[in-house]
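In the text below, chain A, chain B and the rest are named by the order of the sequence lines, each starting its count at 1.
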2 protein chains.
Amino acid sequence: MNNYSKQREAILEVIKENLIHPTAEEIYELVIKKEPQISKSTVYRNINILFELGEIKKIKSAIGPDRYDYSYKKHSHIICEKCGQIFDFDYNFDNKNILKKAIEQIGKKIDIDNIVIYGICENCKSKNKIKEE
Amino acid sequence: MNNYSKQREAILEVIKENLIHPTAEEIYELVIKKEPQISKSTVYRNINILFELGEIKKIKSAIGPDRYDYSYKKHSHIICEKCGQIFDFDYNFDNKNILKKAIEQIGKKIDIDNIVIYGICENCKSKNKIKEE
DNA sequence: TAAAAATTAGGAATGATTCCTAATTTAAAG
DNA sequence: CTTTAAATTAGGAATCATTCCTAATTTTTA
C-alpha cells in the first residue's frame, strides 16, 4: 500500500474538489471523467485506502450509502435521519473533557475523529405534522 | 401503521431486553425464539416502524450493518472506526448551545436525537503501530 | 534491466435491506 | 355478532452497496 497510482490520485482530487460529501458512486461518476477506464472496484478500494490513511473522512449518513469528506478544516456534521441531508457544523466541542469522561467510562483512550449529531431537521419535522392522506 | 401485532410487540421486547446494540439480523435470531414463524422481512419492516415512531434508536456503526438501541436513559455513543465497537457514553452535551449554533450555521432548527463520536480506540491504535508482516 | 510488489479492470459473489404478493389478522362499522 | 376495510404477515424475489477474485499491467526495488 501507499504507492503511486494515477487512479488513486484522481480519486483524491475529486474528493478534494467536491465538498458535497459524495458517495462512492458519485465519486466514481466524477472520476470517470478524468480517468475514463477506471473501474468501480478501484474507486471503492482506493476510497478505503485513503480513509485508512486518514486523508479523507467517512460519514455514515442516516439514509443511503456512506459519504466521504476531505476536510481542509476540522468540523463536525449534523445529519437528518428523515431526509439524510448532511450539514457541516463548526462547533468547539470540549474534546479534552469528552476524552477524560470517555476514559473514565469505557476505560480506554479514544482518538476522536468526527462528531456527528443525528436528528430531525425542521423541514422533516413539519412534514410529519401534516395529516397523511 | 400503529396497530397491534404480536410480531411487533415481540420485536420491541427483544430490543428492550438486549441492550447490546443488536443488528437486524441479531434481533431476528432472538425474536425467532419467541415467534418461530416470523420472517426476516417482518423484522426489518417493524424495526423501521419502531424507529419512525421514535421508540428505538438507530446507530450507524462504522463497520457492518446498522444497530439498534432501546434507551431507558438518554446517552450518546462512541464508535471505533477500526473495530466497530460501540460504547455507551453518558455525557452532558450543551444541547442548548449546540442548537443555537446549529440554527446560526444551517438556518434551521434540529431535533437532536443522538450524538455519536467516531474515532479510533486505544486497542486499534496500538495494533497499527506494530509493523505488519 | 530483471524480479518483486502493488495496483488495475472487470465481473462474480456477497451481504444487507427493501419490495412484492397472496393469505391472514386486526380494527371498524353497521 | 357479522361484514367490510385496513393493516400486517410470511416468504421469496429483487435491489443496492460493497467486497472479492483473477489475470494483466504498472510501479518500485535493487
Side-chain angles (χ1 to χ4, degrees), chain A residues 1-15 21-53 55-68 81-84 86 131-133, chain B residues 1-15 21-53 55-68 81-84 86 131-133:
Chain A
M1 177 156 92
N2 226 340
N3 282 342
Y4 168 84
S5 103
K6 67 178 193 309
Q7 287 91 337
R8 187 172 308 157
E9 243 178 36
I11 289 163
L12 181 56
E13 260 171 45
V14 158
I15 298 172
H21 314 117
T23 62
E25 181 71 34
E26 285 164 352
I27 293 165
Y28 171 71
E29 294 299 337
L30 289 161
V31 83
I32 206 169
K33 291 176 191 162
K34 298 182 180 195
E35 297 289 336
Q37 84 303 333
I38 204 168
S39 77
K40 210 174 271 191
S41 67
T42 297
V43 172
Y44 273 96
R45 188 165 22 76
N46 279 295
I47 286 174
N48 284 337
I49 290 169
L50 292 167
F51 174 65
E52 295 284 311
L53 294 171
E55 299 234 40
I56 59 174
K57 297 218 179 301
K58 183 188 286 191
I59 308 172
K60 306 291 296 188
S61 170
I63 289 174
D66 295 348
R67 295 180 166 273
Y68 297 91
E81 285 173 331
K82 292 270 185 205
C83 65
I86 299 177
K131 207 178 289 173
E132 48 242 52
E133 2 29 308
Chain B
M1 177 155 91
N2 225 342
N3 281 341
Y4 169 85
S5 103
K6 67 179 192 308
Q7 287 90 336
R8 188 172 306 158
E9 243 179 35
I11 289 163
L12 182 56
E13 260 171 44
V14 158
I15 299 172
H21 315 116
T23 63
E25 180 71 33
E26 286 165 351
I27 293 165
Y28 171 71
E29 294 299 337
L30 289 161
V31 85
I32 206 170
K33 291 176 192 165
K34 298 182 179 194
E35 297 290 335
Q37 83 303 333
I38 205 169
S39 77
K40 211 174 269 191
S41 68
T42 297
V43 171
Y44 273 96
R45 189 167 21 77
N46 279 294
I47 286 174
N48 284 337
I49 290 169
L50 292 167
F51 174 65
E52 296 284 311
L53 294 171
E55 299 233 41
I56 59 174
K57 297 216 178 307
K58 183 187 288 192
I59 308 172
K60 306 292 293 189
S61 170
I63 289 174
D66 295 348
R67 293 179 168 275
Y68 297 91
E81 284 173 331
K82 292 273 185 202
C83 65
I86 300 176
K131 208 176 289 172
E132 46 242 55
E133 351 46 298

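Helix bend of the helix from dT1(C)-dA30(D) to dG30(C)-dC1(D): the angle between its two end axes, each built from five pairs, comes to 40° after rounding to 10°.
With sequence neighbours left out, the salt bridge (Lys or Arg N to Asp or Glu O under 4.0 Å) criterion links K60(A) to D66(A). For E9(B), there are no salt bridge (Lys or Arg N to Asp or Glu O under 4.0 Å) partners, not counting sequence neighbours. In this structure E29(B) satisfies the side-chain hydrogen bond (donor to acceptor under 3.5 Å, both in side chains) test with no other residue, sequence neighbours excluded. Under the side-chain hydrogen bond (donor to acceptor under 3.5 Å, both in side chains) criterion, T42(A) pairs with S39(A), R45(A), not counting sequence neighbours. The salt bridge (Lys or Arg N to Asp or Glu O under 4.0 Å) search around E25(B) returns K40(B), not counting sequence neighbours. Remark: E13(A) pairs with E17(A), K34(A) by the side chain to side chain contact (heavy atoms under 4.5 Å, CB included) rule, at least two apart or across chains. Residues satisfying the salt bridge (Lys or Arg N to Asp or Glu O under 4.0 Å) criterion with E81(B), sequence neighbours excluded, are absent altogether.
Atom CD of E9(B) is separated from atom P of dT25(C) by 16 Å (rounded to the nearest Å). Rounded to a whole Å, the CD atom of E35(A) is 13 Å from the C1' atom of dT7(C). At whole-Å resolution of the value, CD in Q37(A) and P in dG10(C) are 8 Å apart. For the pair I49(A) CD1 and dT8(C) C1', the interatomic distance rounds to 11 Å; values are reported in whole Å.
Using a 4.0 Å cut-off, no side-chain N or O of Q7(B) falls inside it from OP1 or OP2 of dT25(C). For dA9(C), the OP1/OP2 oxygens have a side-chain nitrogen or oxygen of S39(A) closer than 4.0 Å. Between S5(B) and the phosphate of dT8(D), there is no side-chain N or O to OP1/OP2 separation shorter than 4.0 Å.
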Discussion item. Across nucleotides 13-24 of chain C, 5' to 3', mark each nucleotide with B, S or - according to how protein heavy atoms within less than 4.0 Å reach it.
Written reply: ---SBBB-----

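Listed candidates were dT8(C), dT8(D), dT26(C). Nearest to the side chain of Y4(B) is dT26(C).
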